[in-house]
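Structure record follows, encoded as structure tokens.
As the structure lists them, so they are numbered: ligands from 1, and atoms in each ligand from 1.
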Amino acid sequence: MNDPRDLLRAYLRQRQELGEEELVLDRLSPSELHALLSNTPAPLAAAAAPAIDRSRPADRAPAAPPMDRVSEHAPAVERASAGLERVDAAPPPPFPGEPETHVRAGAPVPGTTDAPPSPRAPAAYVSAEEISSLPVLAQVREIALGCPRCGLANTRKHVVFGEGRETADVMVVGEAPGQEEDRSGRPFVGRAGKLLDLLLLSSGFSRDDVYICNVLKCRPPQNRNPQPDEVDACSPYLLRQVELVQPRVILAFGAFAAQTLLGTDITIGKLRGKTHKYRGVPLVPTYHPAACLRHPAWVRSVWEDLQRARDVLDAA
Ligand code: URA
């Protein structure tokens, strides 16, 4: 068994045989996962990396990114191969022979200071300049929870600001909340989120140790693609999150996250496999976990990208 897909599948099957109907991977440490995946082949053995060093220099200064985006009018095939179809628009099939899995949406995340927010009516408009000068994440979040900056304010149930360790070395950036996230106010708690947790764990990253957010903080109706004006309106929050968390590495999951942060329309298939920079911070683009649920063969690529992120951290 030398394919990460087999290992991920074996893990999921084992949890099922243990009678678990809900997989709460937040609770599993990397070492527990590695024990489960005993007799790991070389690549996974390499994932048993030392814990992330949280002592960090204070000299990380970001610079402004362009916000160019990919045409949404490209042919469907081109868009799909570019990773531009909204990856969680419809429930993806499970891995062959695997059960449907889900999370306890709204379960507390160890190490996070973000409690699930209550729904709020849109509040007063706050400018990008004001957002960029807010000194702490709690204040940015407070403003975001009442955000009226785009039309999604009228359709969302919850603003999904982001959560996790506020001094994390690793920042995970996804696309936009889906249905589960909109319902719970937490990022990546649906099926894609469970796979994300598993991929992170299999590469030595615990969800407890990272900061997770999205390009958009509100769910686009029917999980349609984020619109350019929505990305522009929401970007000040993401920018400020990066500035305040000061990660050592950013993991950009999916085309929208990678292209928005890098200011490019290059496809995710071409962006991944290399380490880029966002305002001086190493950025590792990879496929979105929801895309992996549709294309299980991409799990290996994601896993390899996460190994590169590990290497970046270990070299820092
Ligand atoms: N997909 C994303 O990109 N983000 C989430 O939070 C959930 C699904």
Side-chain angles (χ1 to χ4, degrees), residues 23 25-26 69-70 79-80 82-94 100-107 109 112 114 116-117 141 144-145 147 152 155-164 168 170-200 207 210-227 230-231 234-235 237-238 241-242 250-261 268 271-272 283-295 298-299 302 305-306:
L23 295 169
L25 298 170
D26 307 331
R69 296 179 47 74
V70 171
R79 288 160 51 77
L84 272 179
E85 292 301 347
R86 182 67 204 275
V87 283
D88 52 0
E100 290 281 337
T101 59
H102 64 287
V103 292
R104 292 182 302 165
V109 177
T112 183
D114 292 333
R141 181 172 178 270
L145 293 189
C147 181
L152 298 180
T155 54
R156 71 184 177 222
K157 284 196 177 72
H158 283 100
V159 172
V160 181
F161 179 66
E163 67 183 24
V170 180
M171 185 160 178
V172 168
V173 181
E175 178 178 319
Q179 189 174 31
E180 285 296 316
E181 291 78 18
D182 183 45
R183 196 177 290 148
S184 67
R186 294 186 54 207
F188 279 108
V189 293
R191 291 192 69 230
K194 299 323 296 175
L195 181 57
L196 174 70
D197 289 355
L198 184 55
L199 287 162
L200 291 173
R207 181 153 173 151
V210 305
Y211 187 85
I212 303 188
C213 61
N214 287 300
V215 173
L216 291 193
K217 311 306 184 203
C218 297
R219 182 193 183 203
Q222 280 80 51
N223 292 353
R224 64 156 168 72
N225 287 334
Q227 304 292 301
E230 294 161 357
V231 175
C234 218
S235 289
Y237 297 117
L238 179 58
Q241 283 172 307
V242 175
I250 297 171
L251 301 174
F253 283 92
F256 279 97
Q259 292 172 341
T260 300
L261 288 168
I268 187 66
L271 288 171
R272 68 149 297 275
L283 182 149
V284 175
T286 195
Y287 294 120
H288 194 286
C292 293
L293 290 169
R294 297 178 190 289
H295 305 280
W298 292 2
V299 164
V302 173
D305 293 333
L306 295 181

**Asked** When only distance counts, is Ala176 in polar contact with ligand 1, meaning an N/O pair under 3.5 Å?
**Response** yes

**Prompt:** Backbone N or O of Gln227 within a donor-acceptor pair of the Glu230 side chain at under 3.5 Å?
**Reply:** yes

**Asked** Does a donor on one side chain and an acceptor on the other come within less than 3.5 Å for Gln179 and Lys157?
**Response** no

**Asked** What residue among Leu238, Ile212, Val210, Leu251 forms side-chain contact (heavy atoms from CB on, under 4.5 Å) with Met171?
**Response** Leu238

**Request:** Report, in ascending order of atom number, the atoms of ligand 1 lying under 4.0 Å from any heavy atom of His288.
**Result:** 1 (N), 2 (C), 3 (O)

**Message:** List ligand 1 atoms under 4.0 Å from Gly174, heavy atoms only on the residue side.
**Reply:** 3 (O)

**Parallel, tilted or perpendicular: rings of Tyr237 and Phe161 (30°, 60°)** = perpendicular

**Asked** Hey, is Glu175 touching ligand 1 through its side chain, its backbone, both or neither, going by heavy atoms under 4.0 Å?
**Response** both

